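Since the structure comes first, as structure tokens, the remarks are kept for the end.
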Amino acid sequence: MPEAVHVGSGKVRELYALDAERLLLVASDRISVFDVVLPTQIPDKGRVLTGLSGFWFTRTLATCPNHLLGIRDDGRSTECRRLTMLPIECVVRGYLSGSGWKDYRETGEVCGHRLPEGLRESDKLAVPIFTPATKAETGHDQNITREQAAELVGADRLDAAERISLELYQTAAGYAAERGIIIADTKFELGLDEAGQLVLGDEAFTPDSSRFWPAAEYEPGGPQPSFDKQFVRDYAESLGWDKTPPGPELPDEVVAGTRARYVEAFEQITGIPFDDYAADPRTVLR
């Protein structure tokens with residue numbers, strides 16, 4: 001791409017500058033577990049992430065503007081507006097899982113939210129909660145309280161980010177529930193445009209940024225089956241790997257199973273056959 005200048009790499013994405021106002025975000029097929037990028041890729045994973053993000057960006061415009069300008073023909077490259085990103089992750093939890101469950105067991109709280117006693121892992125919360133986190137350059141993001149987040153972005157801006165995040169979650173969670181998927185929790189990245197308006201960036205409601213659970217199999221009291229890296233995590237755990245680089249190679253059956261879950265999530269949420277998206281990525285924007 002002679003018109004693009006490479007400006008950064010993430011675990012999954014490559015970032016290019018197109019000009020002073022536009023960036024190109026390319027979602028690779030890389031997969032990471034326990035914060036280590038594995039040497040084996042998952043075919044079409046990047047297209048699933050890009051397609052789902054485009055689908056949700058289009059359907060949440062009434063709640064929050066976003067950075068999307070267009071999806072290129074490869075189905076994994078997104079042209080987007082440049083933003084000044086907030087230094088926090090905006091996390092919303094509708095169910096008690098992951099680091100939220102760990103914090104609750106230790107303190108009875110999640111990011112300053114005191115929760116009722118006696119909750120089980122994967123229980124649905126009475127109301128979704130906003131639980132910000134710091135952005136980590138390496139390793140895990142760290143949960144913080146609302147007060148700590150306000151010190152980073154300012155109280156008024158945090159109020160607006162919390163309102164937008166909760167509305168986005170409730171909109172998407174309701175839509176997904178009608179299609180048999182529970183969105184247990186999710187994280188967003190919000191940034192500021194030139195006018196100082198909050199804008200949704202990065203990705204939205206993908207298996208990499210959210211916990212998707214099949215509603216038909218939901219049973220609180222323990223971990224849930226999910227539409228994401230479960231096959232890969234389970235395989236990596238079975239090896240006795242110490243969770244430091246380099247990560248293990250994945251066998252064909254784990255690759256195939258993981259790809260199938262990503263594609264299943266895409267098709268169940270969008271109602272669009274994945275092959276149709278691959279042939280015309282703009283189908284998710286209609």
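Worth knowing before you read on, the calculation uses all heavy atoms, side chains too, and leaves out hydrogens, waters and symmetry mates. What you are looking at is a predicted structure, and each value in this text was computed from that prediction instead of being measured.
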What are the two closest heavy atoms between Arg211 and Gly98, and how far apart are they?
NH2-CA, 3.1 Å
Out of Pro281, Ser53, Cys80, which residue meets the side chain to side chain contact (heavy atoms under 4.5 Å, CB included) rule with Ile71?
Pro281
Residues Glu203 and Arg13 bridged, charged N to O under 4.0 Å
yes
Honestly curious: do Ile129 and Leu166 fall in one hydrophobic cluster under the side-chain, below-4.5 Å linking rule?
no
Is any side-chain heavy atom of Ile31 closer than 4.5 Å to a side-chain heavy atom of Gln41?
no
Any Lys/Arg nitrogen of Lys102 or Glu121 sitting under 4.0 Å from an Asp/Glu carboxylate oxygen of the other?
no
Least distance between heavy atoms, Ile183 atom then Ala172 atom
CD1-O, 3.8 Å
Atom CD of Glu194 with >12 non-hydrogen neighbours under 6.0 angstrom
no
Would you please test Arg30 and Glu14 for salt bridge (charged side-chain N to carboxylate O under 4.0 Å, His left out) and show each step?
CA-CA 11 Å; Arg30 297 193 294 267; Glu14 300 292 339; 3.1 Å; yes
Flag the pair Glu79 and Arg22 as a salt bridge only when some basic side-chain nitrogen lies within less than 4.0 angstrom of an acidic carboxylate oxygen.
yes
Tell me, please, whether Tyr235 has Arg233 positioned over its six-membered ring: NZ or CZ under 6.0 Å from the ring centre and within 45 degrees of its axis?
no
Out of curiosity, does Trp101 fall in the hydrophobic cluster containing Val91 (side-chain heavy atoms, cut-off under 4.5 Å, transitive links)?
no
Does a donor on one side chain and an acceptor on the other come within less than 3.5 Å for Asp74 and Ser77?
yes
Do Leu125 and Val92 land in one hydrophobic cluster if side-chain heavy atoms of ILVMFWY residues count as linked below 4.5 Å?
no
Quick one: does Glu267's side chain have a donor or acceptor within less than 3.5 Å of a partner on Ala265's backbone?
no
For the backbone of Asn66 and the side chain of Arg81, can you confirm whether one donor and one acceptor N or O come within less than 3.5 Å of each other?
yes
Just by modelled atom types, is the Leu250 backbone N or O under 3.5 Å from a matching donor or acceptor in the Thr40 side chain?
yes
Does any N or O in the side chain of Lys229 come within less than 3.5 Å of the main-chain N or O of Ser32, such that one atom is a donor and the other an acceptor?
yes
Check this for me, if you would: do Asp228 and Lys45 make a salt bridge, where the nitrogen-to-carboxylate-oxygen distance has to be below 4.0 angstrom?
no
Do Gln197 and Pro65 have side chains that get closer than 4.5 Å, going by heavy atoms?
yes
Does the side chain of Trp56 come within less than 4.5 Å of Ile269's, by heavy atoms?
yes
Trp213 ring center near Phe227 ring center (under 6.0 Å):
no
Does Asp208 form a side chain to side chain donor-acceptor pair (under 3.5 Å) with Thr206? I'd like the steps, not just the answer.
CA-CA 5 Å; Asp208 274 17; Thr206 74; 5.4 Å; no
Any sub-3.5 Å donor-acceptor pair from His113's side-chain atoms to Leu115's backbone N or O?
no
Whether the Ser99 and Asn143 side chains hold a donor-acceptor pair (N or O, under 3.5 Å, no angle test) is what I'd like checked.
yes
Is the ring pair Tyr277/Phe266 parallel, tilted or perpendicular, if the boundaries are 30 and 60 degrees?
tilted
Side chain to side chain contact (heavy atoms under 4.5 Å, CB included) between Arg146 and Cys111, intermediate numbers included:
CA-CA 7 Å; Arg146 202 176 180 287; Cys111 296; over 6 Å; no
Quick check for you: to the nearest 0.5 Å, what is the distance between Ile88 atom CD1 and Leu158 atom CG?
5.5 Å
Any side-chain heavy atom of Ser28 sitting closer than 4.5 Å to one from Val26?
no
Side-chain (His67) to main-chain (Leu190) donor-acceptor, under 3.5 angstrom
no
Using ring centroids (six-membered ring only for Trp), state whether Tyr262 and Phe231 fall under 6.0 Å.
no
Cluster check Leu68, Leu23: I/L/V/M/F/W/Y, side chain < 4.5 angstrom
no
Show the numbers, then the answer: is there a side chain to side chain contact (heavy atoms under 4.5 Å, CB included) between Glu189 and Leu86?
CA-CA 7 Å; Glu189 292 212 33; Leu86 300 185; over 6 Å; no
Rounded at 0.5 Å granularity, tell me how far OG in Ser209 sits from CG in Asp202.
8.0 Å
Could you check whether any side-chain N or O of Glu109 sits under 3.5 Å from a backbone N or O of Tyr104, counting only pairs where one atom can act as donor and the other as acceptor?
no
Check Phe188 against Ser165 and note the closest heavy-atom contact, atom names and distance.
CE1-O, 3.6 Å
Stepwise side chain to side chain contact (heavy atoms under 4.5 Å, CB included) check, Leu25 with Thr50:
CA-CA 9 Å; Leu25 198 61; Thr50 300; over 6 Å; no
Any donor-acceptor pair under 3.5 Å from Gln148 side chain to Thr145 backbone:
yes
Between Thr131 and Arg93, do the side chains contain an N or O donor and an N or O acceptor separated by less than 3.5 Å?
yes
Between Phe212 and Ser226, is any pair of side-chain heavy atoms under 4.5 Å apart?
no
For Tyr95 and Asp185, what are the C-alpha separation, side-chain angles and deciding distance, and is it a side chain to side chain contact (heavy atoms under 4.5 Å, CB included)?
CA-CA 7 Å; Tyr95 293 74; Asp185 54 44; over 6 Å; no
Before giving the answer on ring-ring contact (aromatic ring centres under 6.0 Å, His included), spell out for Phe57 and Phe205 the whole-Å C-alpha distance, their side-chain angles and the decisive distance to 0.1 Å.
CA-CA 9 Å; Phe57 283 146; Phe205 299 110; 9.5 Å; no
Does Glu21 come within less than 4.0 Å of Arg82, counting only side-chain N to carboxylate O?
no
Could you tell me whether Arg76 and Asp44 have a side-chain N and a carboxylate O separated by less than 4.0 Å?
no
Return the CZ to CG distance between Arg47 and Leu52, rounded to the nearest 0.5 Å.
14.0 Å
Where do Asp280 and Arg286 land on the salt bridge (charged side-chain N to carboxylate O under 4.0 Å, His left out) test, with the steps shown first?
CA-CA 11 Å; Asp280 179 11; Arg286 296 169 187 147; 2.6 Å; yes
Report the distance from atom CZ of Arg261 to atom CD1 of Ile42, rounding to the nearest 0.5 Å.
14.0 Å
State the CD-CD distance between Glu162 and Glu167, to the nearest 0.5 angstrom.
11.0 Å
Polar contact flag, side-chain donor to acceptor under 3.5 angstrom, Thr134-Gln142:
no
Give a yes or no on whether Val232 and Phe34 share a hydrophobic cluster (residues Ile, Leu, Val, Met, Phe, Trp, Tyr; joining criterion: side-chain heavy atoms under 4.5 Å apart).
yes
Nearest-0.5 Å distance, OG1 of residue Thr78 to CZ of residue Arg72
10.0 Å
Pair Lys11 + Asp35, salt bridge at N-O below 4.0 Å:
yes
Measuring only between side-chain heavy atoms, which start at C-beta, is Thr171 closer than 4.5 Å to Arg59?
no
Short question: side chain of Tyr169, backbone of Ile164 - any donor-acceptor pair under 3.5 Å?
no
